[in-house]
Asks: 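The structure under discussion is supplied below as structure tokens; questions concerning it will follow.
Chain A is the first sequence line, chain B the second, and so forth, proteins listed ahead of strands; every chain is numbered from 1.
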Amino acid sequence: MPVESIRIYNTLSRTKEAFVPVEPGKVGIYLCGPTVYKEAHIGHMVGPVIFDTVARYLTYCGFEVKWVVNITDVDDKLIAQAEQRQIPMAQVATQMTADYCANLLEMGVDQITEMPRATENMNEIIEFIGQLIDREFAYSADGDVFFDVVRNSEYGKLTNRSPDDQQGEGGKAASKKRSPGDFALWKAARPGEPSWESPWGQGRPGWHIECSAMSRRFLGETFDIHGGGLDLTFPHHENEIAQSECCHGQPMAKYWMHNGLMRASTATGKVGGRSERETDADGDTAEASEETKISRSKGAGGLRTLLAEHGGELIRYFLLRTHYRSTIVFGPEGLEEAGTALDKFYTFFDRYTRVTGKSFYLTESDEEDRSVIQRRDAGELASDSEGLLSEVADLRQSFLTKMDDDFNTGGATSDLFLILNVLNRYVEQNRLEENKADPDHVAQFSRAVETFRELAALLGLFLKPQSRAGGGASEEVLDKVLQLMIQMRTDARANKDFATSDRIRDELAEVGVTLEDRKEGTVWRLG
RNA sequence: GGCGCCGUGGCCAAGUGGCUAAGGCAGCGGAUUGCAAAUCCGCCAUCGCCGGUUCGAAUCCGGCCGGCGCCUCCA
């Protein structure tokens, strides 16, 4: 029985609305994916991460989720890349798609049901265009086909504008268009360009039509949630709506969700600094302000490097700690802070192991017999719980309430910290790390940690061990060496030779190994 | 010019009509420790400015100041 408490901010109405799916119990989500002409940057990950979280949450809440992310693999920019690199367009697409998918995986985005490519849906696209022409919402002109915006009385409803407002001149194909706001559904091929056969001659699809065609194929004429970056509202989504709704005579999607854009922090730490634009008297003021925009700033690239340096989990947490609709400023300070915050959890997981003798992370075989909670109704803690479990139950409720409210991951993550605090306090107060710990306390603690794991999993966090710094070296050998060092240091301490013991600890710290002296003995960790 | 968004402590960031304004980072004090690390406890903001509505507003309305996005195939 799916829950009915979820509210979603709908760009169409500019308000939060109760989430009621088109078909009870099922949810169809379409997210505009990348045009695969170059390597992905960090900004490309915002949508996938938030929608991956949305998909996890809706599944958890009892819905059967189908999530489609398209790959646009035919486009002017792809053609340009292919020309520049002297390789076929399809090869550019294959390479960049692989890069994109690898990045998604690294960030724990694994909820996608379908990833259709435009070039593999050419029949659907051509059929769709044909239907629009039949219904007189589109016209062909000299091998091109355009959508006739004037014929669509609702055109502009998503972004609140009308064709008359458009200032554009209509671009290169203006002379063929009936009005400047008309956009291409099909573009006639120029010599040497990749092309497909169509009733209008050799050519390729325009930008927006692939999404209308593929969303219909996989999700139907009306589906639940359509997502994408805020910058896609116009013209992309506006045009998708025009195409689909004129073709079908019914709404394309019930809820339109748009994630905020990311900006790069400048070296000075000032984000929107305007000093440069002031001095640039005659002016290209537009360019100065673009520096901070991720998608157009050169310095912000290197997602691969970023992931290699920090790990996908940190980037994921970094994105999720802010509400998805707000702007995220991306910079080294924020990453560092996120890393410090995550370390609190990792440190706790080691503690959990010390208390229970088990790893915090579940292995595949664990998932069967450990009661992993993957459903909201199954995760309820007994209503008569008290003490630890009662506290955790309250925080769990708080977490879910925040997620219900337009997927407030920023608020929800903070509840994770509160639960962490409750758990740590419980370990201290009941001396769970000592040998004489009460088994009942340990059991209760384990149950509480399960709830923590349940909630973190909704955010896609802490599902599997992150390869921490130093990866590649044999953990086993490292451990043996360090055990030896620890023994020597323990001997030194027993002899009150603190000069030696401190030297061992300090020099290990310099190479990235931290020693912790605990009642039960000394332990080491990286970082 | 048109259409929108945003402005909460040193930094990041929840809260959108009502207990003493979450949480994280940084900082300070304490517990613990041989010293540390980790952890725990405590301290640290009246919400850009002005006016209005209301018994009551960070939260609603108006104005102003500041920042940003789209109107250009950028997620």
Asks: Any idea which heavy atoms bring A:V54 and A:M257 closest together, and the distance?
Replies: CG2-CE, 4.2 Å
Asks: Return the nearest nucleotide to the side chain of A:V46; candidates are B:G2, B:A75, B:C25.
Replies: B:A75
Asks: If I take atom CG in residue A:L261 and atom C1' in nucleotide B:C68, what distance separates them, rounded to the nearest angstrom?
Replies: 10 Å
Asks: Looking at residues at least two apart in the chain, or sitting in another chain, which of them share a side-chain hydrogen bond (donor to acceptor under 3.5 Å, both in side chains) with A:T305?
Replies: none
Asks: Of the candidate nucleotides B:G15, B:C35, B:A75, which contains the atom at the shortest distance from the side chain of A:D405?
Replies: B:G15
Asks: Tell me what A:L416 touches on the nucleic acid: a base, only sugar-phosphate, or nothing, going by heavy atoms under 4.0 Å.
Replies: nothing
Asks: Say you pick atom C1' in B:G15 and the same atom in B:A22; how far apart are they, in whole Å?
Replies: 7 Å
Asks: Now, which nucleotide makes the Watson-Crick or G-U wobble pair with B:U39, with each of the two distances under 3.5 Å?
Replies: B:A31
Asks: Between B:G17 and B:G10, how far is it from one P atom to the other, in whole Å?
Replies: 27 Å
Asks: Has the side chain of A:R505 got a donor or acceptor that lies under 3.5 Å from a partner of the other kind on the base of B:C35?
Replies: yes
Asks: Categorize A:T72 for me: base, sugar-phosphate, or nothing, with a 4.0 angstrom heavy-atom threshold over every strand shown.
Replies: nothing
Asks: Over all strands shown, is A:K496 touching base, sugar-phosphate only, or nothing at heavy-atom distances under 4.0 angstrom?
Replies: nothing
Asks: Under 4.0 Å, counting only non-hydrogen atoms across every strand here, what does A:R489 touch: a base, just sugar-phosphate, or nothing?
Replies: base
Asks: Which is true for A:D506 with a 4.0 Å heavy-atom rule: it touches a base, it touches only sugar-phosphate, or it touches nothing?
Replies: nothing
Asks: Remember a base hit wins even if backbone is also touched, and classify A:N424 as base, sugar-phosphate or nothing at under 4.0 Å, heavy atoms.
Replies: sugar-phosphate
Asks: Report which part of the nucleic acid A:R493 touches: base, sugar-phosphate, or nothing (heavy-atom distance under 4.0 Å, all strands).
Replies: base
Asks: From CG of A:L420 over to P of B:A22, roughly how many Å is that when rounded to an integer?
Replies: 19 Å
Asks: I'd like to know whether the aromatic ring centres of A:H237 and A:H258 sit less than 6.0 Å apart in this structure.
Replies: yes
Asks: Roughly how many Å apart are B:G9 and B:C28, using the C1' atom of each and rounding to a whole number?
Replies: 15 Å
Asks: Please report the C-alpha distance between A:F51 and A:Y324 in whole Å, then the side-chain angles of each, then the deciding distance to 0.1 Å, and finally whether the ring-ring contact (aromatic ring centres under 6.0 Å, His included) criterion is met.
Replies: CA-CA 10 Å; A:F51 281 94; A:Y324 76 89; 7.2 Å; no
Asks: Tell me if the centroids of the rings in A:F417 and A:F345 come within less than 6.0 Å of each other.
Replies: yes
Asks: For A:N421, which contact category applies under a 4.0 Å heavy-atom criterion: base, sugar-phosphate, or nothing?
Replies: sugar-phosphate
Asks: Between B:G34, B:G23, B:A37, which nucleotide has the shortest distance from any of its atoms to the side chain of A:T514?
Replies: B:A37
Asks: Using atom P of each nucleotide, how far apart are B:G56 and B:A14 to the nearest Å?
Replies: 30 Å
Asks: Would you mind telling me which residue lines up with the more 5' stretch of RNA chain B, A:Q429 or A:K344, judged by nearest nucleotide?
Replies: A:K344
Asks: Checking all strands, does A:G43 fall into the base, sugar-phosphate, or nothing category for heavy-atom contacts under 4.0 angstrom?
Replies: base
Asks: Using the C1' atom on both, measure B:G7 against B:C44 and round to a whole Å.
Replies: 22 Å
Asks: Is any side-chain N or O of A:N160 closer than 4.0 Å to OP1 or OP2 of B:G4?
Replies: yes
Asks: Expressed as a whole number of Å, how far does the C1' atom of B:C55 sit from that of B:G66?
Replies: 34 Å
Asks: Using the side-chain heavy atoms of A:M262, tell me which of these nucleotides is nearest: B:A75, B:C41, B:U39.
Replies: B:A75
Asks: Nearest to the side chain of A:E428 - B:G24, B:U39, B:A37?
Replies: B:U39
Asks: Give A:L418 one of three labels, base, sugar-phosphate or nothing, depending on what nucleic acid heavy atoms sit under 4.0 Å from its own.
Replies: sugar-phosphate
Asks: Starting at atom OH of A:Y352, determine the distance to atom C1' of B:A38, rounded to an integer number of angstrom.
Replies: 19 Å
Asks: Paired with B:C19 by Watson-Crick or G-U wobble geometry, both distances under 3.5 Å: which nucleotide is it?
Replies: none
Asks: Please work out if A:T233 contacts a base, only the sugar-phosphate, or nothing of the nucleic acid, heavy-atom cut-off 4.0 Å.
Replies: nothing
Asks: Between B:G34, B:A38, B:G24, which nucleotide gets closest to the side-chain atoms of A:E337?
Replies: B:G24
Asks: Round to the nearest Å and state the distance from A:R518 atom CZ to B:U33 atom P.
Replies: 13 Å
Asks: Can you tell me the distance, in whole Å, between the CG atom of A:D497 and the C1' atom of B:C35?
Replies: 14 Å
Asks: Checking contacts here: which listed nucleotide (B:A75, B:A37, B:G34) is nearest the side-chain heavy atoms of A:F498?
Replies: B:G34
Asks: Could you work out the separation of B:C43 and B:C3 based on their P atoms and round it to a whole Å?
Replies: 49 Å
Asks: Let me spell it out: for each of A:I328 and A:G229, pick the nucleotide of RNA chain B with the closest heavy atom. Which residue's pick is nearer the 5' end?
Replies: A:I328
Asks: Choosing from B:A75, B:A26, B:A38, which nucleotide comes nearest the side chain of A:T340?
Replies: B:A26
Asks: How long is the line joining CZ of A:R161 and C1' of B:G1, in whole Å?
Replies: 13 Å
Asks: With both distances under 3.5 Å as the test, what is the Watson-Crick or G-U wobble partner of B:C44?
Replies: none
Asks: Atom CZ of A:R425 to atom C1' of B:G42: distance rounded to whole Å?
Replies: 13 Å
Asks: Using the salt bridge (Lys or Arg N to Asp or Glu O under 4.0 Å) definition, which of the options A:D76, A:D144, A:D75 pairs with A:R204?
Replies: A:D76
Asks: Could you check whether A:Y100 and A:H44 have their ring centres less than 6.0 Å apart?
Replies: no
Asks: Across the strands shown, which category fits A:H323 at heavy-atom distances under 4.0 angstrom: base, sugar-phosphate, nothing?
Replies: sugar-phosphate
Asks: Ignoring hydrogens and angles, does a donor from either the side chain of A:S414 or the base of B:A22 sit under 3.5 Å from an acceptor on the other?
Replies: yes
Asks: Got a donor-acceptor pair under 3.5 Å from the side chain of A:N408 to the base of B:G15?
Replies: no
Asks: Could you give the CG-to-P distance, from A:D231 to B:C71, as a whole number of Å?
Replies: 8 Å
Asks: Which base, if any, makes a Watson-Crick or G-U wobble pair with B:G56, both distances under 3.5 Å?
Replies: none
Asks: With the criterion set at under 5.5 Å between ring centres and under 30 degrees between planes, would B:G24 be stacked on A:F417?
Replies: no
Asks: Among A:D406, A:N10, A:D405, which one satisfies side chain to side chain donor-acceptor pair (under 3.5 Å) with A:K16?
Replies: A:D405
Asks: Scan every strand shown for a Watson-Crick or G-U wobble partner of B:G66, both distances under 3.5 Å, and answer none if you come up empty.
Replies: B:C6
Asks: Between A:E428 and A:R351, is the closest basic N to carboxylate O distance under 4.0 Å?
Replies: yes
Asks: Considering only heavy atoms and no angle criterion, is a donor-acceptor pair shorter than 3.5 Å present between the side chain of A:R321 and the base of B:A13?
Replies: no
Asks: For atom C1', what is the distance between B:U46 and B:U8, given to the nearest Å?
Replies: 10 Å
Asks: Ignoring hydrogens and angles, state whether a donor on the side chain of A:Q487 or A:D491 is under 3.5 Å from an acceptor on the partner side chain.
Replies: yes
